[in-house]
Enquirer: 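Following this message is one structure expressed as structure tokens.
We count ligands from 1, going down the list as the structure has it; atoms in each ligand are counted the same way.
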Amino acid sequence: MGSKKRVLIVGGVAGGASCAARSRRLSEEADIVVFEKGPYVSFANCGLPYYVGDIITEEEDLFLATPELFKKRFNIDVRVENQVLSIDREKKQVEVKNLQTGTDYHEGYDTLVLSPGAEPIRPPLPGIDLPGIFTLRTVPDSREIRNWIAERTVKHTVIVGGGFIGLEMAENLVKRGIQVTIVEMMPHVLPVLDQEMAASIHTCLTDNGVSLRLNDPVSGFKESEGGPISLELKSGDTLAADMVILVIGVRPDIDLAKRAGLEIGSRGGIRVDDQMRTSDERIWAVGDAVESIDFITGEWGLVPLAGPANRQGRIAADVIFGRDSRFRGVQGTAVCAVFDMTIALTGISEKTLNRLCEEGRMGKYEKVYLHPGHHVGYYPGSENISLKLLFSLEDGSILGAQAVGKAGVEKRIDVIAMAIQRKSTVFDLEEAELCYSPQFGAAKDPVNFAGMVAANTLRGDSPISHWEKIQEFEGLILDVRDDEEFKEDNFKGAMNIPLGELRQRMYELAGDQMILAYCEVGQRSYYATRMLRQSGFNVRNLSGGFKTFKAFQQCNKE
Ligand code: FAD
């Protein structure tokens with residue numbers, strides 16, 4: 001497909017670089033120019049927390065490509081430290097400032113692609129510009145943080161924001177011997193997760209010495225005597241810190257687009273169609289700067305992740321060079337590691353589902369919790385994965401999944417992410433044929449299990465209930481764990497009949513009462529549920545067992 005098109009690209013990292021390279025693969029003739037206002041092109045922003053933490057020790061390892069490599073390998077003209085100042089849509093040209101020389105110049109385009117990314121949010125709080133308060137977006141940002149640590153005695157850092165980057169920074173600073181407090185305005189870290197799924201992350205953080213201040217937003221910063229910065233919290237408390245990392249999210253960089261009169265969406269990102277075209281048919285936009293349709297809800301949203309940015313960059317190039325590629329939307333598939341834990345999710349959370357249900361925009365849903373080993377128990381080193389699966393009660397279609405554990409977590413979420421994209425159901429998860437040998441999984445993989453547990457509830461084989469509804473329950477709560485487990489801890493008022501004795505002791509249960517059966521993780525109580533239902537009892541299984549109950553209990557305490 002030959003074309004002498006002139007393609008100008010604003011932004012030379014994830015979306016921009018991806019669009020540039022794909023454009024060249026589609027057209028040897030095109031004239032492709034990338035403008036990057038920063039000093040580097042195609043750098044690994046996802047690696048920055050690990051550079052601060054000295055896991056990545058050489059700064060140059062963060063650079064995935066250089067302007068020279070782009071020129072040599074792809075014949076692409078990459079101009080770093082060249083900032084696009086404005087777009088003249090009539091003349092189809094951009095005004096550029098060469099930041100090295102200070103000179104301005106113009107470049108004409110046939111096609112313009114915007115991938116300017118997002119800006120870290122810096123709310124206008126008192127003292128926000130004090131030295132020692134950092135955001136993290138670029139290599140120079142990470143260098144400044146490293147220098148601050150190297151030049152001063154940084155004993156205590158406050159990280160404002162418990163999202164993905166906040167958690168990664170916490171781990172990296174702790175590993176450098178720095179005491180860390182995370183301040184989070186929401187009741188739990190990783191607000192994209194549901195609260196009960198975050199409980200074990202709180203334990204992991206505190207076990208590793210990280211202090212948590214939840215439900216307590218920062219209201220301002222002051223210079224203090226105890227440390228260079230004193231943070232004031234909404235509660236009235238103050239915290240002293242030698243350094244503050246502000247990672248409370250990002251805002252799409254829409255400045256250029258807005259001034260050029262391009263349509264901006266309701267969520268504050270550049271509005272594009274499913275071929276990444278803006279409201280101007282000559283201008284495309286991709287990455288963190290754009291709004292995307294949520295694959296499940298159909299709502300516009302902002303999902304600042306590298307995967308969508310790269311795919312969108314590629315799709316924009318395809319469309320520019322005549323292919324009919326389309327972006328399928330985002331589903332928020334993400335993963336994060338903190339200390340020895342991995343947290344991954346895809347699709348929508350229960351919080352979002354509740355909101356959509358209340359607004360009448362989503363049908364009824366159900367959820368299951370399970371805690372399978374990441375591989376068979378008999379092979380050494382099996383670690384539990386706590387998995388939550390959300391699905392439609394109408395047709396079993398999968399709506400979302402969240403998982404937390406030490407190993408094999410992201411693999412399961414990746415499988416479910418693909419299932420969601422293919423509009424699969426829990427019945428498909430039951431049937432998925434996945435890899436198995438003892439060190440990697442089980443003949444019934446956790447993904448199969450999740451499908452089976454969900455399908456069992458839809459088929460009515462094993463109706464379930466949830467711990468948060470237990471206060472409303474008026475029947476018998478039956479603990480089918482062994483005596484020792486029951487004695488160690490149990491749900492107040494529960495009756496204990498270990499699963500192995502249940503057949504013989506069924507006569508102790510009144511036939512007309514509603515029974516809720518639970519065990520440690522929900523598996524033995526499932527067997528009990530099946531046994532009792534076949535004997536005519538009205539019984540439900542408490543999904544996720546006592547382990548899930550403890551997570552809910554921890555949430556209520558926090
Ligand atoms: P960017 O990659 O930010 O690139 C935009 C570029 O445009 C910038 O370099 C900017 O300087 C340049 N620019 C802006 N305006 C102009 C202008 N007018 N003229 C010229 N140049 C301009 N995502 C994940 O999926 N997984 C992760 O683990 C992950 N970790 C992250 C960790 C950190 C610390 C950060 C900051 C981000 C992380 N992300 C992660 C998010 C991911 O990096 C972004 O979603 C992705 O880089 C977005 O790509 P983009 O092209 O839209 O923007």
Enquirer: Do S219 and E232 have side-chain atoms, one donor and one acceptor, less than 3.5 Å apart?
Expert: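 Distance-only check fails for S219 and E232.
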
Enquirer: With a 4.0 Å cut-off on N to O distance, would you call E107 and R79 a salt bridge?
Expert: yes

Enquirer: Identify the protein heavy atom lying closest to atom 20 (C) of ligand 1, giving its residue, its atom name and the separation to 0.1 Å.
Expert: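 Residue, atom and distance for the closest contact: K37 N, 3.3 Å.
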
Enquirer: For E184 and G162, indicate whether the former's side chain and the latter's backbone hold a donor-acceptor pair under 3.5 Å.
Expert: yes

Enquirer: Looking only at protein heavy atoms, identify the closest one to atom 36 (C) of ligand 1 and say how far it is in Å.
Expert: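 The closest one turns out to be L136 O, 3.5 Å.
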
Enquirer: When you check the side-chain N and O atoms of E59 and Y51, is any donor under 3.5 Å from an acceptor?
Expert: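 Result is yes, a qualifying pair exists.
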
Enquirer: Do R277 and D273 meet the salt-bridge criterion of a basic N to acidic O distance under 4.0 Å?
Expert: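 Salt bridge present between D273 and R277.
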
Enquirer: Does K367 qualify as a cation-pi partner of F391, given the criterion of NZ or CZ under 6.0 Å from the six-membered ring centre and within 45 degrees of its axis?
Expert: no

Enquirer: Near P304, which atoms of ligand 1 are under 4.0 Å from a heavy atom of that residue?
Expert: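 Listed by number with element, the hits are 41 (C), 45 (O).
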
Enquirer: Quick check: F43 with F63 (ring centres under 6.0 Å apart)?
Expert: no

Enquirer: List the closest protein heavy-atom neighbour of atom 33 (C) of ligand 1: residue, atom name, distance to the nearest 0.1 Å.
Expert: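 For atom 33 (C) of ligand 1, the nearest protein heavy atom is N45 O, 3.2 Å.
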
Enquirer: Does the N or O separation between V84 and ligand 1 drop below 3.5 Å for any pair?
Expert: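 It does: an N or O of V84 is found under 3.5 Å from an N or O of ligand 1.
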
Enquirer: Hey, which atoms in ligand 1 end up nearer than 4.0 Å to a heavy atom of G11?
Expert: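 In order of number, 6 (C), 7 (O), 12 (C), 21 (N).
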
Enquirer: How close does the nearest protein non-hydrogen atom get to atom 49 (O) of ligand 1, and which residue and atom is it?
Expert: A14 CB, 3.2 Å

Enquirer: At less than 4.0 angstrom from any non-hydrogen atom of P116, what atoms of ligand 1 do you find?
Expert: 5 (C), 7 (O), 14 (C), 15 (N)

Enquirer: Can you tell me which portion of P49 lies within the under-4.0 Å heavy-atom range of ligand 1? Options are side chain, backbone, both, or neither.
Expert: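 Under 4.0 Å from ligand 1, P49 contributes side-chain atoms alone.
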
Enquirer: Check for a donor-acceptor pair, side chain of D110 on one end and backbone N or O of K5 on the other, with a separation under 3.5 Å.
Expert: no

Enquirer: Can you confirm, on distance only, whether ligand 1 has an N/O atom lying under 3.5 Å from any N/O atom belonging to C46?
Expert: no

Enquirer: Can a donor-acceptor pair be found between the side chains of T203 and S200 at a distance below 3.5 Å?
Expert: no

Enquirer: Going by the order shown, which atoms of ligand 1 are within less than 4.0 Å of some heavy atom of V10?
Expert: 16 (C), 17 (C), 18 (N), 19 (N), 20 (C)

Enquirer: Give the atoms of ligand 1, by number and element, whose distance to some non-hydrogen atom of L256 is under 4.0 Å.
Expert: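 Taking each heavy atom of L256 in turn, ligand 1 has 18 (N) under 4.0 Å.
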
Enquirer: Tell me, which protein residue and heavy-atom name are nearest atom 5 (C) of ligand 1, and how many Å apart are they?
Expert: S115 O, 3.2 Å

Enquirer: Any chance you could measure L345, atom CG, to K388, atom NZ, to the nearest 0.5 Å?
Expert: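 One finds 11.0 Å between CG of L345 and NZ of K388.
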
Enquirer: Which residue supplies the protein heavy atom nearest to atom 44 (C) of ligand 1, what is that atom called, and how far is it?
Expert: D288 OD2, 3.4 Å

Enquirer: Would you kindly specify which portion of I165 sits under 4.0 Å from ligand 1, judged on non-hydrogen atoms: side chain, backbone, both or neither?
Expert: side chain

Enquirer: If you have a sec, work out which protein heavy atom is nearest atom 53 (O) of ligand 1 and how many Å separate them, to one decimal?
Expert: G117 CA, 3.2 Å

Enquirer: Tell me: protein heavy atom nearest atom 23 (N) of ligand 1, and distance?
Expert: A306 N, 3.2 Å

Enquirer: Go through ligand 1 atom by atom and flag the ones less than 4.0 Å from a non-hydrogen atom of A309.
Expert: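 Numbered from 1, ligand 1 contributes 48 (C), 49 (O).
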
Enquirer: Taking a cutoff of less than 4.0 Å between a non-hydrogen atom of the residue and any ligand atom, is V247 in contact with ligand 1?
Expert: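 No.
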
Enquirer: Considering the heavy atoms of N82, write down every atom of ligand 1 situated less than 4.0 Å from one of them.
Expert: 20 (C)

Enquirer: Give the single entry among M169, R137, E36 that approaches atom 1 (P) of ligand 1 most closely by any heavy atom.
Expert: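 Selected option, by shortest heavy-atom distance: R137.
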
Enquirer: NZ of K155: more than 12 outside heavy atoms within 6.0 angstrom?
Expert: no

Enquirer: Taking the six-membered ring of W148, is the NZ or CZ of R146 close enough (under 6.0 Å from the centre) and on axis enough (within 45°)?
Expert: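 Because its charged atom misses either the 6.0 Å distance or the 45° angle limit, R146 does not stack over W148.
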
Enquirer: Can you name the atoms of ligand 1, numbered from 1 with element, that are less than 4.0 Å from a heavy atom of F35?
Expert: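 Atoms satisfying the 4.0 Å criterion: 20 (C), 21 (N).
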
Enquirer: How long is the gap from CG on L214 to CD on Q195, to the nearest 0.5 Å?
Expert: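 Interatomic distance, L214 CG to Q195 CD, rounded to 0.5 Å: 9.0 Å.
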
